[in-house]
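The structure displayed is predicted, hence computed values, not measured ones.
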Amino acid sequence: MPDRVELFRRIERQHIRDQLSVLSLQSVDGLVLRLLSREGQLRQEDIVLRLVLDKGAVARSVARLEESGLAVRQVSDQCRREKLVSLSPAGAAMAEKIQDILDEWRRICLQGFTPEERTQYETFLMRIMENVKNFKEGENTNG
């Protein structure tokens, strides 16, 4: 029998991928748009670090988003080699659509859960994320 977490993650990824494709976006594009929506203007390198993605994948995504009018890329005043990326108004509207997709997925996943169970779930997720963050920080200092 497949691992339940892995099965859930595959179904989740497929659902989100399908929903994003209707918007003509790839998964990484959705991640970049959501991050920029939350954080505002970022260096391309910061996007790579925050999303833990390959530089090339982020560069291709930012280029697609810029080409489709969802993001704006400009050279930093402080360092000519740095590219600053921000959302265009169309990108901000698209980020809201992506949030709607994620909210709907969350609603699907948590239907039938009591408020207490939802709180417990969030607590578990925060603890898991803290464990993973600590692991990655230790990996980066030891590697």
I would like to know whether Asp100 and Glu104 meet side-chain contact (heavy atoms from CB on, under 4.5 Å); could you show each step before the answer? CA-CA 6 Å; Asp100 291 343; Glu104 176 63 12; over 6 Å; no
pair Asp18-Gln14: side-chain heavy atoms closer than 4.5 Å: yes
Heavy atoms from other residues, nucleotides or ligands near CZ of Arg13 exceed 12 (cutoff 6.0 Å): yes
Between atom CD of Glu122 and atom CZ of Phe124, what is the distance when rounded to the nearest 0.5 Å? 11.5 Å
Are side-chain heavy atoms of Glu39 and Asp46 found at a separation under 4.5 Å? no
Derivation of the side-chain contact (heavy atoms from CB on, under 4.5 Å) call for Thr123 and Gln120: CA-CA 5 Å; Thr123 301; Gln120 190 175 30; 5.5 Å; no
Are Arg73 and Glu67 within salt-bridge range, i.e. N to O under 4.0 Å? no
Within the structure provided, determine whether Met94 and Leu25 are in side-chain contact (heavy-atom separation under 4.5 Å). yes
According to a 4.5 Å side-chain heavy-atom criterion applied to Ile, Leu, Val, Met, Phe, Trp and Tyr, with indirect links allowed, do Leu125 and Ile108 form part of one hydrophobic cluster? no
Donor-acceptor under 3.5 Å (Arg118 side chain, Leu110 main chain): yes
Do Asn134 and Glu137 come within less than 4.5 Å of each other through their side chains, counting heavy atoms only? yes
Gap separating the CD atom of Gln44 from the CG atom of Leu49, nearest 0.5 angstrom: 11.5 Å
Can you tell me how far apart NZ (Lys133) and CE (Met126) are? Round to the nearest 0.5 Å. 13.0 Å
Transitively linked via ILVMFWY side-chain contacts under 4.5 Å: Leu87 with Ile101? yes
Please confirm whether the backbone N or O of Leu33 pairs with a side-chain atom of Ser37, one donor and one acceptor, at under 3.5 Å? no
Taking the side chain as every heavy atom from C-beta outward, state whether Val62 and Lys83 have any atom pair closer than 4.5 Å. no
Exactly one of Leu36, Val85, Leu84 should register a side chain to side chain contact (heavy atoms under 4.5 Å, CB included) with Leu42. Which one does? Leu36
Say whether Trp105 and Val28 are linked into one hydrophobic cluster, either directly or through other cluster members, by side-chain heavy-atom distances under 4.5 angstrom. no
Would you say that Lys55 contacts Val58 through its side chain, given a criterion of any heavy-atom pair below 4.5 Å between the two side chains? no
Exercise: identify the closest heavy-atom pair between Glu117 and Gly112: OE1-O, 4.1 Å
Validation row: Leu20, Asp29 side chains within 4.5 angstrom (heavy atoms): no
Is any side-chain heavy atom of Arg34 closer than 4.5 Å to one of Leu102? yes
Are Val52 and Ile47 co-members of a hydrophobic cluster defined by side-chain heavy atoms under 4.5 Å apart? no
On a heavy-atom basis, the closest approach of Ser61 and Val32 is OG-CG2, 3.7 Å
When every non-hydrogen atom of Gly69 is compared with those of Ala90, the smallest separation belongs to O-CB, 3.7 Å
Count I, L, V, M, F, W, Y as connected when their side-chain heavy atoms are under 4.5 Å apart, and connections chain through other members. Are Leu35 and Leu23 then in the same cluster? yes
